[in-house]
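The basis for the numbers below is simple: all heavy atoms, side chains too, and nothing from hydrogens, waters or symmetry mates.
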Amino acid sequence: MLYLDNAATSWPKPEAVYDAVTDAVRRGGNPGRSNSEKARAAAGDMSDARAVLAQLFHISDPARIVFAMNATDAINLGLQGMLKPGDHVITSQMEHNAVTRPLAYLEDAGVRVTKVETDPVKGVSLDGIRQAICSETRLVVMSHASNVTGTLNPIEDIGGICREAGIPFMVDASQSAGAIPIDVAKMNIDLLAFPGHKSLLGPTGTGALYVSETVSPRPLRSGGTGVFSEVRLQPEQLPYYYEAGTQNTVGISGLCAGVRYILERSVSSIYHEEQQMLQYLIDGLTAISGVTVYGPLTSPRAAAVSFNIDGMDCADVAMILETYYDISVRSGLQCAPDTHKMLGTFDLGGTVRVSPGLFTTEEEIDTFIHAIKEITEDVQ
């Protein structure tokens, strides 16, 4: 199969990731739950993973990286931990349901939500953010990159606005972590949520939230931490304040291996190569009569490219690609209905999304473009 659905989860993984997961399963051990050799080794894997993630995102204190089940789990911790009834939060019109659904629940509970005007090519309006800020604003939350169009928001500029206004800034880096350089200090990011299984090349069921010194969200869960067992409530030391119960040590071991692979390649190098591949893909798609590509047609952008073929349902295109060409893509609303309403593709059932990954070759893109040409010619 030609796999072009890396925006959902990356595949294949580096061999080191498979090895790390296998080794962790075979070894066993529960970090912090005993002083056995196995427990110490598992704790070491957790510590190593925090260290390489801190290096990747320029985080000074690795203990401020809190492991979660995935990016959605991390986002929920940030949103529910930071907001309460009467507060005001600012977001964009192009967010994933990982942001919009928690905000909808919070809105029903009395939090006021402002969705700032967002351009499918340029991203969220900076003036719109400035105008939306008020005395009750307690958080600004934005995706770094759209999972539908690959549109990048000007994160560093938004961070500057938030810092000047004294408002915490939270970033959903689901489509950028590992593929696009991120510096939490330079970008003034107070909360960074990211999954482990996409461009960080780790297994599913992994993710984390970076919590800066400037914020202290309320924990969503409480329970055993393996240390400070004598304390009645959740110990306030990080990361234990937010990590209750046994963590996914096996998955985190794999994530650590994935991040090490990225650091060896360097994010800047990966970013440069990916931008070239994306331009090659977009140029090929836009050259086909009857194909509409949504979002930015030039770099910089993220590796999620959405398109439709005139006269065809996006689900049918995806089905034909898999059945007759053995090519895997994603069709539909991609968990981002607000984005499709803005693009005008909601009533069409969404788009076809193609997302190359780190190991996608130019020859594979050629194969995909050839398939789309044949499908389009059949319709015409």
| said: Can you tell whether the side chains of Arg26 and Asp23 come within less than 4.0 Å, N to carboxylate O? | reply: no
| said: Any donor-acceptor pair under 3.5 Å linking the side-chain atoms of Asp127 with those of Gln131? | reply: no
| request: State plainly whether the residues Arg218 and Glu236 are in salt-bridge range, i.e. N to O under 4.0 Å. | output: no
| request: Look at Asp87 together with Arg112 and state whether they make a salt bridge at an N to O cut-off of under 4.0 Å. | output: no
| task | Run the salt-bridge test on Arg163 and Asp190 with the 4.0 Å N-O cut-off and return the result as yes or no. | result | yes
| message | Using side-chain contact (heavy atoms from CB on, under 4.5 Å), reason through Ile327 and Met1 one step at a time and then give a plain yes or no. | response | CA-CA 6 Å; Ile327 298 174; Met1 173 176 283; over 6 Å; no
| query | Taking only residues two or more places apart in sequence or in another chain, which ones pass ring-ring contact (aromatic ring centres under 6.0 Å, His included) with Tyr3? | reply | Trp11
| request: Return the orientation label for the Phe194 and Phe57 ring planes: parallel under 30°, perpendicular over 60°, tilted otherwise. | output: tilted
| said: Checking salt bridge (Lys or Arg N to Asp or Glu O under 4.0 Å) between Arg260 and each of Asp19, Asp45, Asp48, which is the one that passes? | reply: Asp48
| Do you see a donor-acceptor pair shorter than 3.5 Å between the side chains of Gln334 and His340? | yes
| task | Using only heavy-atom distances, determine whether the side chains of Ser306 and Thr351 contain a donor-acceptor pair under 3.5 Å. | result | yes
Side-chain donor-acceptor pairs of residues 226-234 under 3.5 Å, sequence neighbours excluded:
{"residue": "Gln234", "atom": "OE1", "partner": "Gly223", "partner atom": "N", "Å": "2.8"}
{"residue": "Gln234", "atom": "NE2", "partner": "Tyr240", "partner atom": "O", "Å": "3.1"}

| query | So, are Glu273 and Arg265 salt-bridged, with charged N and O less than 4.0 Å apart? | reply | yes
| message | Taking ring-ring contact (aromatic ring centres under 6.0 Å, His included) as the definition, give me every residue that meets it alongside Phe67, ordered by chain and number, with sequence neighbours left out. | response | none
